[in-house]
Amino acid sequence: MQDRKVSNQRNTATRKKVQDALVTLLEQKELDKITIRELCDLADINRTTFYNHYGSQYDVLQEIVENYLEHTALLIQDKMAVGGDFKECFLEALQYMKKHTKFLQLLFSQKHFQLLSGIDICLPQFDVAIMTRQPADWSPQRKKAMAIFIQQGIIGILVDWIRSGCRESAEEMAELILFTLGTYS
């Protein structure tokens with residue numbers, strides 16, 4: 001059991017080194033210009049170790065994004081699950097995003113990578129949270145359609161906010177988004 005724990009810690013440490021190396025390289029060039037060799041050199045691992053964990057630099061970026069989106073989504077989902085206030089939960093997620101503005105802008109700058117493709121997958125309970133706040137007399141189809149519309153609108157607003165460098169505070173953005181929702185203000 002102890003050997004497994006050490007192995008898991010080593011795997012986690014290796015993955016973190018590779019991810020950090022990729023982020024550093026992305027600050028210098030686009031993803032498709034990064035070679036596995038330079039990624040391994042910067043992470044101080046050999047190619048075999050890299051391929052034990054990943055198939056390509058694209059896989060590394062995908063894992064970074066999935067981890068980020070999962071963490072952001074969990075900020076909202078976990079607090080909502082225990083009866084947390086939607087506005088406070090949403091604000092906390094926005095504060096986390098603002099704290100990582102440079103990282104998010106770096107991801108958006110990758111023309112061969114679609115950051116938003118994983119958001120719906122990582123926020124499966126977010127639309128449920130929206131649907132439960134819709135009028136009781138609405139049909140399930142209407143509630144689902146409105147939840148999708150709201151979620152996609154929020155994503156658009158957030159993308160614009162991130163691309164502009166998160167000039168507005170997280171509090172201002174939360175207020176703006178919640179105002180556009182109407183039912184949450």
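Throughout, residue positions are numbered sequentially from 1 according to the sequence presented.
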Worksheet item: Judged by atom type as modelled, is there a donor-acceptor pair below 3.5 Å linking the side chain of Glu172 to the main-chain atoms of Ser169?
Response: yes
Discussion item. Do Leu106 and Lys102 have side chains that approach each other closer than 4.5 Å (heavy atoms only, starting at C-beta)?
Written reply: no
Worksheet item: When rounded to the nearest 0.5 angstrom, what distance separates CG in Asn67 from NZ in Lys16?
Response: 10.0 Å
Practice prompt. With rounding to the nearest 0.5 Å, note down the distance linking CG in Leu104 to NZ in Lys99.
Written response: 12.5 Å
Worksheet entry | Main-chain N/O of Ile162 paired with Lys98 side-chain donor or acceptor, under 3.5 Å | no
Discussion item. Using 0.5 Å steps for rounding, measure from the CD atom of Glu175 to the CG atom of Leu94.
Written reply: 11.5 Å
Item to complete: Verify side-chain contact (heavy atoms from CB on, under 4.5 Å) between Ile150 and Gln134, making sure each step is shown before the conclusion.
Response: CA-CA 11 Å; Ile150 290 170; Gln134 300 300 328; 3.7 Å; yes
Practice prompt. Go through Tyr54 and Gln19 one step at a time and tell me if the side chain to side chain donor-acceptor pair (under 3.5 Å) criterion holds.
Written response: CA-CA 11 Å; Tyr54 300 103; Gln19 291 173 12; 3.2 Å; yes
Practice prompt. I would like to know whether Thr14 and Asn11 meet side chain to side chain donor-acceptor pair (under 3.5 Å); could you show each step before the answer?
Written response: CA-CA 5 Å; Thr14 299; Asn11 284 337; 5.5 Å; no
Discussion item. With heavy-atom distances below 4.5 Å as the criterion, would you say the side chains of Tyr68 and Met97 are in contact?
Written reply: yes
Worksheet item: Is there a donor-acceptor pair under 3.5 Å between the side chain of Asp59 and the backbone N or O of Ser56?
Response: yes
Worksheet item: Should Ile154 and Leu91 be counted in the same cluster of Ile, Leu, Val, Met, Phe, Trp and Tyr side chains packed under 4.5 Å apart?
Response: no
Discussion item. Working to the nearest 0.5 angstrom, can you tell me the gap between Lys17 NZ and Leu39 CG?
Written reply: 11.5 Å
Item to complete: Show the numbers, then the answer: is there a side-chain contact (heavy atoms from CB on, under 4.5 Å) between Glu38 and Lys29?
Response: CA-CA 12 Å; Glu38 62 189 337; Lys29 58 174 99 175; 3.0 Å; yes
Worksheet, complete the sentence: Closest heavy-atom pair, Gln105 versus Arg163, reported as atoms and distance to 0.1 Å, is NE2-O, 3.6 Å
Worksheet item: In this structure, which one of Leu31, Ile34, Thr35, Asp20 forms a side-chain contact (heavy atoms from CB on, under 4.5 Å) with Leu25?
Response: Ile34
Response to the item:
On a heavy-atom basis, the closest approach of Trp161 and Arg167 is NE1-N, 4.1 Å
Practice prompt. Report yes or no: do Asn46 and Thr49 form a side-chain donor-acceptor pair below 3.5 Å?
Written response: yes
Discussion item. Could you tell me if the side chain of His53 sits less than 4.5 Å from the side chain of Val18, heavy atoms only?
Written reply: no
Discussion item. Within 45 degrees of the ring normal and closer than 6.0 Å to the centroid, is that where the cationic atom of Arg37 sits relative to Phe50?
Written reply: no
Worksheet item: Looking only at heavy atoms, which two atoms of Thr101 and Cys166 are closest? And how far apart?
Response: OG1-SG, 3.2 Å
Practice prompt. Fit a plane to each ring of His100 and Phe103, take the angle between them on a 0 to 90° scale, and name the class: parallel (under 30°), tilted (30 to 60°) or perpendicular (over 60°).
Written response: perpendicular
Fill in: Leu22 versus Leu61, closest heavy-atom pair with distance
CD2-N, 3.6 Å
Worksheet item: Can you find a pair of side-chain heavy atoms, one from Leu158 and one from Ile155, that are under 4.5 Å apart?
Response: no
Worksheet item: If you round to the nearest 0.5 Å, how far is CZ of Arg15 from CD1 of Ile45?
Response: 10.5 Å
Worksheet item: Glu171 and Gln95: which non-hydrogen atoms are nearest, and at how many Å?
Response: OE2-NE2, 3.1 Å
